[in-house]
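Encoded as structure tokens, the structure appears first; notes follow it.
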Amino acid sequence: FKFKNDGETEFPTGEYTYGTITVNGDTYNASEVDDGEEIILKAVPDDGYGLAVFEVTVGGEKQNVTNDTCTFTLTGNVVVKAAFRELHNVNVYADEESIQSIIVNPTTAAKDMTVNVTVTPKAGYSVSEIYYTKGNERETIATNSNTGSFTMPASDVTVSAVATRIPTHTITVTQNM
């Protein structure tokens, strides 16, 4: 089988720009792959890069890919599509007065990857907005929610949240005699 990047350029060795596809834990060698053999493909990004796309079809059937690995039995022609992109940092800034924690997953992401955010406010506060900044731009992720997600842009971002104090009221009960 041959490796293809976006269906145009063939990479007979499994080498891509910014990463490699390994076959059964080693570099690709067509003479070592027999019909009916179990194949394990792994997408290995270079340092500073992440896997943005990894799709495998065998004999025209799409295969299950788990994160960076695809295991299948060789029964037909194999088409591999992979794209590696530069990783960017997902930084966090939490206001110490109102925010207990902000957790982002992942903490580095390639452009177009989904980043999930969970905010825990301190006692007596509720989250009114989760947002990220990149340079001078500010993008809202969620309002009136402790969770949200966003699509990573092609730059580092800083995730923050706004929490507002929950109003408290005093109730006085008097007894008529």
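Both backbone and side-chain heavy atoms feed into the values below; hydrogens, waters and symmetry mates do not. As the structure is a prediction and not an experimental result, all values here were calculated from the model.
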- Task: Under the side chain to side chain contact (heavy atoms under 4.5 Å, CB included) rule, what do V58 and N77 come out as? Steps first, then yes or no, please.
- Result: CA-CA 6 Å; V58 178; N77 291 331; over 6 Å; no
- Message: Closer than 3.5 angstrom, by distance alone: can the side chain of K122 be matched with the main-chain N or O of E96 as a donor-acceptor pair?
- Response: yes
- Scanning both residues in full, the closest heavy-atom pair of T140 with Y131 reads CA-CB, 4.0 Å
- Message: Aromatic contact between F84 and Y18, with the criterion being ring centroids under 6.0 Å apart: yes or no?
- Response: no
- Quick one: closest heavy-atom pair of A109 and V115, and the distance? CB-CG2, 3.9 Å
- Message: Using a 6.0 Å cut-off, check whether atom CG of N64 has over 12 heavy atoms from anything other than its own residue.
- Response: no
- Message: Do Y132 and I141 have side chains that approach each other closer than 4.5 Å (heavy atoms only, starting at C-beta)?
- Response: yes
- M113 and L51 have their tightest heavy-atom pair at SD-O, 4.4 Å
- Message: Can you tell whether the side chains of R138 and E129 come within less than 4.0 Å, N to carboxylate O?
- Response: yes
- Message: Under the criterion side chain to side chain contact (heavy atoms under 4.5 Å, CB included), I'd like the reasoning laid out for T118 against N116: C-alpha separation, chi angles, the key distance, then a yes or no.
- Response: CA-CA 7 Å; T118 302; N116 297 305; 5.9 Å; no
- Side-chain touch F150/V159, heavy atoms, less than 4.5 angstrom: yes
- Hey, are the side chains of L41 and T69 touching, using non-hydrogen atoms and a 4.5 Å cut-off? no
- Task: Kindly say whether K111 contributes a backbone atom to a donor-acceptor pair with the side chain of R85 at under 3.5 angstrom?
- Result: yes
- Please round to the nearest 0.5 Å and tell me the distance separating atom OG1 of T75 and atom CD of E37. 12.5 Å
- Item | Nearest heavy atoms of V90 and P106, plus distance in Å | CG2-O, 3.8 Å
- Message: Grouping I, L, V, M, F, W and Y whenever their side-chain heavy atoms are under 4.5 Å apart, do Y49 and M152 come out in a common cluster?
- Response: no
- Message: Show the nearest heavy-atom pair for residues V127 and S145, with the distance to one decimal.
- Response: CG1-O, 3.2 Å
- Message: For T158 versus V92, what's the shortest heavy-atom pair and its separation?
- Response: CG2-C, 4.3 Å
- Message: What verdict does the side chain to side chain contact (heavy atoms under 4.5 Å, CB included) test give for K42 and V23, after you've listed the backbone C-alpha separation in whole Å, the side-chain angles of each residue and the deciding distance to 0.1 Å?
- Response: CA-CA 7 Å; K42 186 169 178 78; V23 179; over 6 Å; no
- Between the main-chain N or O of V162 and the side-chain N or O of S128, is there a donor-acceptor pair closer than 3.5 Å? yes
- Hey, are the side chains of F54 and N67 touching, using non-hydrogen atoms and a 4.5 Å cut-off? no
- Within the side chain of N146, is there an N or O that forms a donor-acceptor pair under 3.5 Å with the backbone of T120? no
- Item | Full working for side chain to side chain contact (heavy atoms under 4.5 Å, CB included) between T22 and V44 | CA-CA 7 Å; T22 62; V44 183; 4.2 Å; yes
- Got a donor-acceptor contact below 3.5 angstrom from the N89 side chain to the T108 backbone? no
- Task: Check whether any side-chain heavy atom of V157 sits under 4.5 Å from a side-chain heavy atom of N91, and report yes or no.
- Result: no
- If Ile, Leu, Val, Met, Phe, Trp and Tyr residues are connected whenever their side-chain heavy atoms lie under 4.5 Å apart, and connections chain through other members, are V53 and L87 in the same group? no
- Would you indicate whether the side-chain heavy atoms of E38 and T71 approach each other to under 4.5 Å? yes
- Message: How long is the straight-line distance from OG of S155 back to NZ of K134, given to the nearest 0.5 Å?
- Response: 5.0 Å
- Query: Looking just at side-chain N and O atoms, do Y125 and Q100 make a donor-acceptor pair shorter than 3.5 Å?
  - Reply: no
